[in-house]
Amino acid sequence: DGGITQSPKYLFRKEGQNVTLSCEQNLNHDAMYWYRQDPGQGLRLIYYSQIVNDFQKGDIAEGYSVSREKKESFPLTVTSAQKNPTAFYLCASSGGRGIQFFGPGTRLTVL
Amino acid sequence: AQKVTQAQTEISVVEKEDVTLDCVYETRDTTYYLFWYKQPPSGELVFLIRRNSFDEQNEISGRYSWNFQKSTSSFNFTITASQVVDSAVYFCALRISGGYNKLIFGAGTRLAVHP
């Protein structure tokens, strides 16, 4: 089945730790995105990548980093510099029609 | 500036009622796209519809229908004969042409359908 997978589903981080969220897609999409969702709010764009080996900051990139070494993969690292990382993280990808399809999300909690 | 407003934070209806979710957008671009996504309790956003700014025809898909009116900058979503499975958070989003397909989301409307 074509789709987007994210892992883990739940992640717990201690203060000062870096953690990496995985996002993989087999839809052959060029563009991939990371969003953050806080309770009762819409999605905010963290980073996006339109092509392999290229990515751009979104609206709230501070404290996050990404890489795009393969077309299928777009991991997100939440660094210790992110002061309030507890949130729901969603990965998306889009192809030629520009419609973004989303993964199931990762819920990150800081202990 | 681009903005999407979903003024209804929560809506509660009884099964079989019709319900309309409002979406008002702001953009100075003449070419843009509007989207609706559904987020069930599982969390994954499910794509429902995309409309471009040049196509004001209303669309119907089963119990779902969408009313796009450029004159009022609105793209409202109606569920006819609601069902418990329709309970979710619904997001309206705007994308301007060009750039990197950035979506600007509204805050979402939580719909609760009770038996």
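Applying the salt bridge (charged side-chain N to carboxylate O under 4.0 Å, His left out) test to every pair with at least one member in residues 13-28 of chain A, sequence neighbours left out, gives no pairs at all.
Ring to ring, A:Tyr47 and A:Tyr64 are not that close: their centroids are 6.0 angstrom or more apart.
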Taking distance alone, no hydrogens or angles, what donor-acceptor pairs closer than 3.5 Å link side-chain atoms of residues 108-115 of chain B to residues at least two apart or in another chain?
unit_1, atom_1, unit_2, atom_2, d
B:Thr109, OG1, B:Gln8, O, 2.6
B:His114, NE2, B:Ser12, OG, 2.8

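Top candidate by heavy-atom pairs under 4.5 Å with chain B, chosen from A:Lys9, A:Gln37, A:Arg44, A:Gln56, is A:Gln37. Each of A:Phe102, A:Phe101, A:Tyr35 has some count of heavy-atom pairs under 4.5 Å with chain B, and the biggest count is that of A:Phe102.
Grouped with B:Val84 in a hydrophobic cluster is no other residue, since no side-chain heavy-atom contact under 4.5 Å to another Ile, Leu, Val, Met, Phe, Trp or Tyr is found.
Under the 3.5 Å distance criterion, the side-chain polar atoms of A:Ser49 are left unmatched by any main-chain donor or acceptor of A:Phe55.
When heavy atoms are compared at a cutoff of 4.5 Å, A:Arg107 does not approach chain B at all. Only the side chain of B:Tyr37 comes within less than 4.5 Å of a heavy atom of chain A; its backbone N, CA, C and O stay farther away. Contacts of A:Gln6 with chain B are absent, with no heavy-atom separation under 4.5 Å from either backbone or side chain. Neither the backbone nor the side chain of B:Gln6 comes within less than 4.5 Å of any heavy atom in chain A.
When every heavy atom of A:Cys23 is checked against every heavy atom of A:Met32, the shortest pair comes out as SG-CE, 3.5 Å.
By the 30° and 60° cut-offs, the orientation of the rings of B:Phe75 relative to B:Phe68 is perpendicular. Ring geometry, B:Tyr64 versus B:Trp66: the interplanar angle exceeds 60°, so the pair is classed perpendicular (tilted spans 30 to 60°).
Between the side chains of A:Tyr48 and A:Gln100, no donor-acceptor pair is found at a separation under 3.5 Å.
Contacts between residues 74-93 of chain A and chain B, counted as heavy-atom pairs separated by less than 4.5 Å, involve A:Phe88, A:Leu90.
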